[in-house]
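Before any comments, here is the structure.
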Amino acid sequence: MSTNTRSMKISTNTKSMLIDITRCVGCGACTEACLQAHGLTTNVDDIKDLSAGALTFVSEQGDLYVRRMCMHCLEPTCVSVCPVGALHQTKDGPVIYDASRCLGCRYCLQACPFNVPRYEWDKVVPGVAKCDFCVTRQAQGLQPACAEACPEAATVFGTRDELLAEAHRRINENPDAYYPHAFGENEVGGTSMLILSPVPFDTLGYPRALPHEPLSTRTWASLSHVPDIVTIGGAMLLAIWWITKRREEVARVESAERIAAQNSNGVHPGGGHA
Amino acid sequence: MNGIRKPRFGFWSAVFWILMGFGVATAFMRFTRGLGSVTNLTDTFPWGLWIGFDILCGVGLAAGGFTITAIVYLFHLERFRPIARPAILTAFLGYLLVVVGLMFDLGRPWNIWHPLIMWNPHSVMFEIAWCVTLYTTVLALEFSGMVFEKLQWKRALRIQHAVVIPLVILGVILSTLHQSSLGALYLIVPGKLHPLWYTDRLPVIFWLSAVCAGLAMVIVESRLSARALGRHLEMPLIRELGRALLGALGVLTVFRLRDLYARGSLALAFEPTYEAGLFQIEFLLGLVLPFALLAFPRVRASARGLYAASLLTVLGFITHRLNVSITGLESAQHRYIPAVGEVLVTLMLVALGFGAFKLAAKYLPVYPPVTGAAPGGAPANVRSK
């Protein structure tokens with residue numbers, strides 16, 4: 001179908017995962033592999049939502065199983081809003097968090113269009129938690145733990161170009177089985193996670209009608225005025241100050257001259273001043 | 001007079017100390033057991049009362065600092081000079097309280113300085129962090145004049161006078177930037193914020209509403225100080241401020257109506273929804289009503305009328321900011337009602353603000369001497385000793 005012209009950031013190397021809900025049997029192997037890969041000790045049966053102790057999980061929605069996790073946007077909203085660059089995007093796509101920079105403003109939680117980041121509300125030194133796309137495993141040449149663990153190949157790992165082509169191939173070959181859209185192809189500028197579903201995505205709890213431009217374009221529209229406000233605004237204010245001051249000085253000198261003239265001429269009624 | 005009177009522990013002192021006690025207890029909980037122990041914040045509602053009121057309203061209500069200093073120092077409208085100091089004091093205290101509020105709200109408050117060295121110019125929050133840091137410094141320097149005068153530090157005062165114009169210009173620019181950026185924070189949540197409030201023009205609306213709230217606060221304060229301290233501003237001045245407020249409210253009302261109409265969201269205001277109800281309160285009682293009241297010369301001529309209209313403006317302003325930061329996000333996220341701990345900390349901050357203002361107004365030359373003010377102000381000693 002369409003190629004994503006907007007995302008210039010996609011290199012042929014951008015890593016991606018294709019998650020096919022029609023293939024998922026809800027075994028939870030991905031969740032367990034994720035816990036293990038991240039050294040988390042949460043009990044799988046207790047996981048009802050994403051949390052600092054569960055970076056992905058499978059939610060049962062009717063007879064479908066839907067994986068939840070960070071979408072790893074190509075133009076990540078969280079990265080754009082973080083005032084200290086605690087969230088950043090590696091060159092191959094994973095969006096990762098550096099707790100040592102974080103000041104805890106939680107703008108990333110507020111801004112994420114997919115409501116993914118989680119906060120450690122009960123810790124004295126809290127941090128943000130979210131899927132890191134197994135960036136350390138990827139650096140070792142391994143695939144993400146969840147993709148490796150999936151027995152049904154419902155989650156597969158690859159480059160974004162090839163997985164996007166694969167997604168469209170599946171939809172085209174089996175149009176009755178799929179809702180005709182790969183979620184993540186162009187939502188908020190495209191995401192590294194691509195999802196296929198038999199039903200419309202908003203019925204599964206995915207946000208409806210997300211814009212195709214990255215959300216950061218909206219804040220940038222405002223931020224890009226900063227240099228103008230500083231320079232033009234500063235010059236204007238300086239001009240106002242100078243003009244009003246000058247006017248006052250002129251008025252003062254004029255009135256002094258008038259008084260001097262009055263003194264030398266004696267009192268004369270009704271001077272012709274404005 | 002004040003010196004002779006014995007210290008009186010009246011009703012308000014009792015309230016003050018009770019609020020301090022509760023606030024400190026909550027602070028202890030928050031810093032030993034985490035944000036979750038005292039707030040109703042969640043992963044899907046990460047910003048609550050502390051951001052909505054302590055930060056968004058705190059900064060906005062302190063906007064009198066930049067508007068009044070601009071009027072007096074840049075436009076040379078000398079007759080407004082008597083309100084410059086109360087406005088600077090309010091602004092300075094307001095920003096200090098915002099910083100205290102941030103210390104509660106930030107998860108890792110000890111990293112509050114990080115934006116100064118870890119840059120992300122694409123982040124609105126980054127810009128706000130810089131502006132608030134710089135502007136609080138500017139306000140401290142503007143405020144220092146009162147302290148130097150009180151201490152009779154002539155040389156320091158002379159230096160302060162020499163740099164006041166650049167300070168004021170810097171203050172106006174920084175304020176314009178971050179007052180509007182508080183609105184820009186919410187440009188990033190188009191899918192979450194209710195269309196009654198989400199608009200590309202949020203930055204302009206936040207700036208305009210801050211100008212209104214700043215002016216209204218100066219009037220409200222003058223009234224409160226008159227009661228509590230017997231110091232106040234002269235009626236003709238307040239009346240003129242009332243007229244300025246009328247103008248500012250008019251611009252804001254028209255701007256917001258135009259924006260709602262242009263986005264096709266005006267009809268939403270009349271639907272029987274939770275959001276529409278709170279919008280009506282904010283818009284009709286907090287914007288249109290004070291505007292209509294001030295439009296009557298008779299209201300502007302009476303101290304009580306001006307006070308009532310200004311108080312409505314302030315309350316409407318607070319409702320608007322809480323609507324943007326809380327009400328408007330509830331349907332997309334979930335219902336949020338602040339926890340007792342959040343309310344207690346907020347009340348403590350408000351009480352601190354009142355207390356600090358009272359102390360400063362009592363001991364520093366904030367208001368002009370009551371009898372025949374010398375224009376241009378040779379620093380006459382205020383009767384506080």
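In what follows, chains are A, B, ... by sequence order, proteins preceding strands, each numbered from 1.
Distance check: A:Cys105 SG to B:Ile112 CD1 gives 10.5 Å after rounding to the nearest 0.5 Å. Once rounded to the nearest 0.5 Å, the distance linking NZ of A:Lys245 with CG of B:Leu74 reads 12.5 Å. Within the model, atoms CG of B:Leu187 and OG of A:Ser216 stand 11.5 Å from one another, a figure rounded to the nearest 0.5 Å. Atom CD of A:Glu120 sits about 11.5 Å away from atom CG of B:Leu35, to the nearest 0.5 Å. Once rounded to the nearest 0.5 Å, the distance linking OG1 of A:Thr244 with OH of B:Tyr73 reads 13.5 Å. Here CZ of B:Arg108 is found 8.0 Å from OG of A:Ser100. Values are rounded to the nearest 0.5 Å.
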Practice task
Dump the intermediate steps for side chain to side chain contact (heavy atoms under 4.5 Å, CB included) on B:Glu127 and A:Val226, then the final yes or no.
Solution key: CA-CA 9 Å; B:Glu127 189 230 309; A:Val226 168; 3.8 Å; yes
Practice task
List the steps, then state whether side chain to side chain contact (heavy atoms under 4.5 Å, CB included) holds for A:Val84 with B:Asn120.
Solution key: CA-CA 6 Å; A:Val84 290; B:Asn120 178 12; over 6 Å; no
Practice task
Apply side chain to side chain contact (heavy atoms under 4.5 Å, CB included) to B:Lys192 and A:Asn115, showing your working.
Solution key: CA-CA 10 Å; B:Lys192 298 182 187 176; A:Asn115 287 319; 3.0 Å; yes
Handout entry: Residues A:Gln110, B:Phe45; criterion side chain to side chain contact (heavy atoms under 4.5 Å, CB included); working and verdict
Key = CA-CA 7 Å; A:Gln110 179 84 326; B:Phe45 215 96; over 6 Å; no
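No donor-acceptor pair under 3.5 Å is formed between the side chain of A:Lys123 and the backbone N or O of B:Gly107.
Only the side chain of A:Leu223 comes within less than 4.5 Å of a heavy atom in chain B; its backbone stays farther off. Proximity to chain B (any heavy atom under 4.5 Å) is shown, for A:Ile243, by neither the backbone nor the side chain. Residue B:Pro203 touches chain A through its side chain alone, counting heavy-atom pairs closer than 4.5 Å. When heavy atoms are compared at a cutoff of 4.5 Å, B:Trp113 does not approach chain A at all. Looking at B:Pro166, neither its backbone nor its side chain comes within 4.5 Å of chain A, counting heavy atoms on both sides. Residue A:Ala99 touches chain B through both its backbone and its side chain, counting heavy-atom pairs closer than 4.5 Å. Both the backbone and the side chain of B:Phe75 have a heavy atom closer than 4.5 Å to some heavy atom of chain A. In this structure, the portions of A:Pro126 lying under 4.5 Å from any heavy atom of chain B include both its backbone and its side chain. Heavy atoms closer than 4.5 Å to chain A are found nowhere in B:Ala129, neither backbone nor side chain. For a residue to count as touching a neighbouring chain, one of its non-hydrogen atoms must lie under 4.5 Å from one of that chain's; by this rule A:Val116 does not touch chain B. The contact between A:Thr77 and chain B is made entirely by side chain atoms (from C-beta outward), counting heavy-atom distances below 4.5 Å. Contacts of B:Val124 with chain A are made by both backbone and side-chain atoms, with heavy-atom separations under 4.5 Å. B:Thr42 touches chain A through its backbone: at least one of N, CA, C or O sits under 4.5 Å from a heavy atom, while the side chain does not.
Surrounding CH2 of A:Trp242 are at most 12 heavy atoms belonging to other residues, nucleotides or ligands under 6.0 Å away. The environment of B:Ile337 atom CD1 is sparse: at most 12 non-hydrogen atoms of other residues, nucleotides or ligands sit within 6.0 angstrom. In the displayed structure, A:Arg208 atom CZ is contacted under 6.0 Å by at most 12 heavy atoms of other residues, nucleotides or ligands.
In summary, the aromatic rings of A:Tyr107 and B:Trp47 are positioned with their centroids under 6.0 Å apart.
Scanning residues 167-177 of chain B against chain A with a 4.5 Å non-hydrogen threshold yields B:Ile169, B:Val172, B:Ile173, B:Thr176, B:Leu177, sorted by number.
Taking 4.5 Å as the limit, some side-chain heavy atom of A:Trp121 sits within range of a side-chain heavy atom of B:Leu41.
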